[in-house]
Amino acid sequence: VLLYLVVIAGGVVRMTGSGMGCPDWPKCFDHYIPPFSEADLPADYRQRLDTGHGNVEFNVAKAWIEYVNRLVSVIAGFAMLAFVWSGFRLRRWAGGTPLFVLTLTALALLLFEAWLGKRVVETNLRVGTITIHMLVAVVLVCVVLLAVMRTRTDSAKLVGTSSQKLLITTLLIAAVVQVGLGTQVREAIDTISNHLANPNRGEWVSQAGIVFIIHRTLSWGLLLGSASFVWMTRSSVGELRTWARVSFALVLAAALLGIVLQNFDMPAFAQPLHLLAGTLLVGAFFATACTLWPTSSLHPRSTLKLATV
Ligand code: HEM
């Protein structure tokens, strides 16, 4: 949940253009808690904080948006440490270290992601870095989900059919590709809106080129594929059917928000929502897949050990 909050917070920062809301780090306008008015700032703050990378004008809304974004990220960082600790505590249950290794991998990915985020800003949103940043984020979400699913004790009963497994694997790969393509579209739109100084939002999408066309077309594949998966799992019991439906609803939501972006001059509110639906979708497909390959669950040994105790 915290990882997705970081995604939303990042989307809102971009939507409102608050990336430079706090020109300094870790403080914000030299305060640990951003001030509510310019009167509370030191008189010489412009000279003191000017690093030459952007403007240091104080805007209370942007400062607070950026500050909340940092706060959510820090909380997610601490939660990740607690997650690693719980993985360490549970390692004996699994009769080995895989769970601990998964939580450590998640921590390593989070640190890598933070470093990548820094590079994205340093290279002034260089083409390609945002896409890599996004793909690492979805891999991180999947690793966390995998670790969480492994601690479940009730998912070990279901084993999916091979056609279900094939379809969900294809959908998962397609969703990751779709997120990568979407981020490429976003990079193109950033270039169009910033570098070409084109204020007409209605024209942004039409100038995004072939990547946008592929992105839009692939949605049909995802819609049809996930609708077929809902059909295939209609008589399954429990979690599989629910995850299949949730995934379909998320594909629909992402596609509808994409249509809103295309046809209503890229309304700012739809940008973080579209991003959220897209990244949630990858998580939902991954969780669906986990319910079909339940053998990696901690269930047999942990239950046995608990029973022995
Ligand atoms: C399952 C379907 C879809 C998924 C999973 C998806 C996912 C994404 C993602 C992750 C981004 C990057 C957002 C960001 O970095 O802020 C994106 C961008 C974008 N997508 Fe999609 N998308 C889907 C369908 C569509 C459709 C059907 C359209 C248009 C008809 C569309 C139009 C766009 C546009 C215009 C952007 C750039 C948004 C921006 O610059 O903020 N998408 N998409």
Side-chain angles (χ1 to χ4, degrees), residues 3-4 6-19 69 113 116-117 120 125-142 170-196 198 200-230 246-286 288:
L3 288 179
Y4 279 112
V6 175
V7 172
I8 303 177
V12 173
V13 166
R14 174 175 179 245
M15 173 186 95
T16 56
S18 307
N69 177 37
E113 185 70 347
L116 268 179
V120 169
L125 310 179
R126 196 174 65 206
V127 174
T129 45
I130 309 179
T131 304
I132 298 171
H133 189 245
M134 175 69 78
L135 292 176
V136 173
V138 295
V139 173
L140 171 58
V141 166
C142 291
T170 313
L171 284 169
L172 179 59
I173 294 170
V176 174
V177 170
Q178 179 72 326
V179 167
L181 287 169
T183 316
Q184 298 268 306
V185 176
R186 177 237 155 116
E187 288 189 13
I189 284 180
D190 277 344
T191 311
I192 295 160
S193 61
N194 298 336
H195 301 178
L196 304 182
N198 182 352
N200 187 352
R201 298 177 76 93
E203 287 177 14
W204 291 354
V205 174
S206 57
Q207 293 183 15
I210 185 74
V211 185
F212 170 66
I213 310 284
I214 301 172
H215 181 64
R216 195 177 55 186
T217 311
L218 186 55
S219 304
W220 285 107
L222 283 165
L223 271 169
L224 288 174
S226 60
S228 313
F229 194 78
V230 168
V246 168
S247 305
F248 177 70
L250 285 167
V251 179
L252 204 58
L256 288 176
L257 284 159
I259 291 169
V260 169
L261 284 171
Q262 184 193 10
N263 296 302
F264 295 92
D265 299 349
M266 300 256 326
F269 79 90
Q271 290 178 294
L273 290 180
H274 186 63
L275 166 65
L276 180 66
T279 46
L280 276 173
L281 173 64
V282 176
F285 277 150
F286 188 79
T288 313

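Read the numbers this way: they start at 1 and go in the same order the structure lists the ligands and their atoms.
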I'd like to check which ligand 1 atoms, numbered from 1 as shown, lie under 4.0 Å from a non-hydrogen atom of M134. 15 (O)

One finds that the ligand 1 atoms under 4.0 Å from a non-hydrogen atom of L222 are 1 (C)

Determine whether R186 and M134 satisfy the following criterion, side chain to side chain contact (heavy atoms under 4.5 Å, CB included), listing intermediate values before the conclusion. CA-CA 11 Å; R186 177 237 155 116; M134 175 69 78; 5.7 Å; no

Nearest non-hydrogen atom to [atom] belongs to which of [options]?
atom                    : options                : value
atom 30 (C) of ligand 1 : Q271, Q262, M15, M266  : Q262
atom 40 (O) of ligand 1 : Q184, E187, R14        : R14
atom 13 (C) of ligand 1 : V251, L275, V179, T131 : L275

Donor-acceptor contact present, side-chain Y4 to main-chain V141, <3.5 Å: no

Would you say R14 and L275 make side-chain contact, with heavy atoms under 4.5 Å? no

Residue-ligand contact A255/ligand 1, heavy atom below 4.0 Å: yes

Do me a favour and list the nearest non-hydrogen protein atom to [atom] with residue, atom name and distance?
atom                    : answer
atom 32 (C) of ligand 1 : F212 CE1, 3.6 Å
atom 35 (C) of ligand 1 : V205 CG2, 3.8 Å
atom 15 (O) of ligand 1 : R186 CD, 3.2 Å

For L257, side chain to side chain contact (heavy atoms under 4.5 Å, CB included) partners two or more places apart: A270, L273, H274, A277

Sorted by chain and residue number, the side chain to side chain contact (heavy atoms under 4.5 Å, CB included) partners of L224 (sequence neighbours excluded) come out as none

What are the protein N/O/S atoms, named by residue and atom, that sit under 2.8 Å from atom 21 (Fe) of ligand 1? H215 NE2, H274 NE2

Side chain to side chain donor-acceptor pair (under 3.5 Å): pairs with one or both residues in residues 219-230, sequence neighbours excluded: Q178-S219

Quick one: which of L172, L222, L218 gives a side-chain contact (heavy atoms from CB on, under 4.5 Å) with V177? L218

Separation between CG of L181 and CZ of F212, rounded to the nearest 0.5 Å: 11.5 Å

